[in-house]
Amino acid sequence: MGGELPKQYIELAGKPVIVHTLEQLERCGAVEGVIVAAAPEWTAAVLRWKESFHLTKLLAVAPAGADRQLSIRNGLLAAEGFMDEGELSGVIIQDAARPLTSVGLLTRLVEELKEAPAVMPALPIIDTTYTSHDGQWVDGLLDRSTLFAGQAPEGFHFWPYLELYRDTPVEALCAMSGSCQLPYSRGWKVKIIPGEQGNLKITYAGDLNTCEKRLLERGEVV
């Protein structure tokens with residue numbers, strides 16, 4: 001992004017990006033509670049936004065880790081005390097910088113957890129896709145009919161997912177990226193469901209204008 005302020009705390013349409021993301025989780029009847037992983041210096045702000053924007057499902061703020069995987073682990077450990085043992089409980093891992101995720105996608109994700117231990121929304125790759133090990137010369141061509149771009153949020157059966165993160169050494173966790181990478185590497189079956197073109201993750205500065213326009217069209221303004 002090139003700015004000093006973390007992208008999830010930038011204000012769009014009158015609210016921080018993370019608040020828009022949390023409001024979608026708040027609106028989803030299939031979601032019962034939310035844990036935010038945030039750097040300690042942002043904990044007070046997140047709790048203040050909980051009150052200001054009536055985020056009743058926000059249960060706790062867990063300390064962010066050094067990377068995404070360690071933040072996931074800290075969030076899972078914080079969620080453990082709110083979960084019922086012995087039940088087929090599910091957990092959604094969401095990016096704070098995805099304010100446009102629809103309630104429909106969240107609901108479908110939870111529904112699919114009844115049939116699969118891990119669920120990931122994804123979009124088919126529509127462009128011809130090449131490989132290049134040096135970034136200058138093409139050295140391979142991939143079959144795009146077998147390629148999909150994964151999105152967040154992703155859903156998992158909570159208790160076995162927690163055990164994976166509890167038992168995996170930090171060094172191994174830090175070598176991974178996506179939320180599905182660890183369970184897939186341990187033999188889990190990961191189900192793909194249709195993602196959404198509008199489920200934009202804010203990555204570049206230009207994404208801010210796109211997101212704000214769509215939030216305003218959706219009526220997300222204070």
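Keep in mind that the numbers below use all heavy atoms, side chains included, and drop hydrogens, waters and symmetry copies. For the single chain, residues carry numbers from 1 onward in sequence order.
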Quick check on the hydrophobic clustering: are Ile93 and Val61 connected, directly or via other members, by side-chain heavy-atom contacts under 4.5 Å? no

Taking side chain to side chain contact (heavy atoms under 4.5 Å, CB included) as the test, write out the residues that go with Asp139, two or more places apart. Thr131, His133

When Ile, Leu, Val, Met, Phe, Trp and Tyr are grouped by side-chain heavy atoms lying under 4.5 Å apart, directly or through other members, which residues fall in the same group as Leu88? none

Check whether more than 12 heavy atoms from other residues, nucleotides or ligands sit under 6.0 Å from atom CZ of Phe148, and answer yes or no. yes

When hydrophobic residues are tied together by side-chain contacts of less than 4.5 Å, even through go-betweens, does Leu164 share a cluster with Val190? no

Do the side chains of Val110 and Leu162 join up, straight or via other hydrophobic residues, at under 4.5 Å, putting them in one cluster? no

If the condition is ring pair (Phe, Tyr, Trp, His ring centres under 6.0 Å), which residues does Tyr161 pass it with, not counting sequence neighbours? Phe156, Tyr165

Output side-chain donor-acceptor pairs under 3.5 Å for residues 30-51, partner residues at least two apart or in another chain, one line each.
| unit_1 | atom_1 | unit_2 | atom_2 | d |
| --- | --- | --- | --- | --- |
| Thr43 | OG1 | Pro40 | O | 3.3 |
| Lys50 | NZ | Leu58 | O | 2.9 |

Verify same cluster id: Ile202, Leu5 (apolar side-chain graph, 4.5 Å): yes

Please determine whether residues Ile72 and Trp188 belong to a single hydrophobic cluster, defined as Ile, Leu, Val, Met, Phe, Trp and Tyr linked transitively by side-chain heavy-atom distances below 4.5 Å. yes

For residues 114-125, please give each side-chain donor-acceptor pair under 3.5 Å, one per line with the distance, not counting sequence neighbours.
| unit_1 | atom_1 | unit_2 | atom_2 | d |
| --- | --- | --- | --- | --- |
| Lys114 | NZ | Glu111 | OE1 | 3.3 |
| Lys114 | NZ | Glu111 | OE2 | 3.1 |

Any non-hydrogen side-chain atom of Asn199 less than 4.5 Å from a side-chain atom of Ser102? no

Using a 4.5 Å cut-off on heavy atoms from C-beta on, say whether the side chain of Leu109 contacts that of Pro153. yes

Co-members of Ile126 in a cluster of I, L, V, M, F, W and Y side chains, linked at under 4.5 Å: none

With a 4.5 Å heavy-atom cut-off, do Leu182 and Ser185 have their side chains touching? yes

Please tell me if the side chains of Pro99 and Lys15 come closer than 4.5 Å, counting only heavy atoms from C-beta onward. no

Do Thr168 and Arg73 come close enough that some side-chain heavy atom pair is under 4.5 Å? no

If we only count heavy atoms from C-beta on, is the Gln69 to Gln181 side-chain gap below 4.5 Å? no

Test side-chain hydrogen bond (donor to acceptor under 3.5 Å, both in side chains) applied to Thr101 and Gln94, step by step: CA-CA 9 Å; Thr101 301; Gln94 172 66 311; 3.0 Å; yes

Are Arg166 and Glu80 ion-paired here, with the side-chain N under 4.0 Å from a carboxylate O? yes

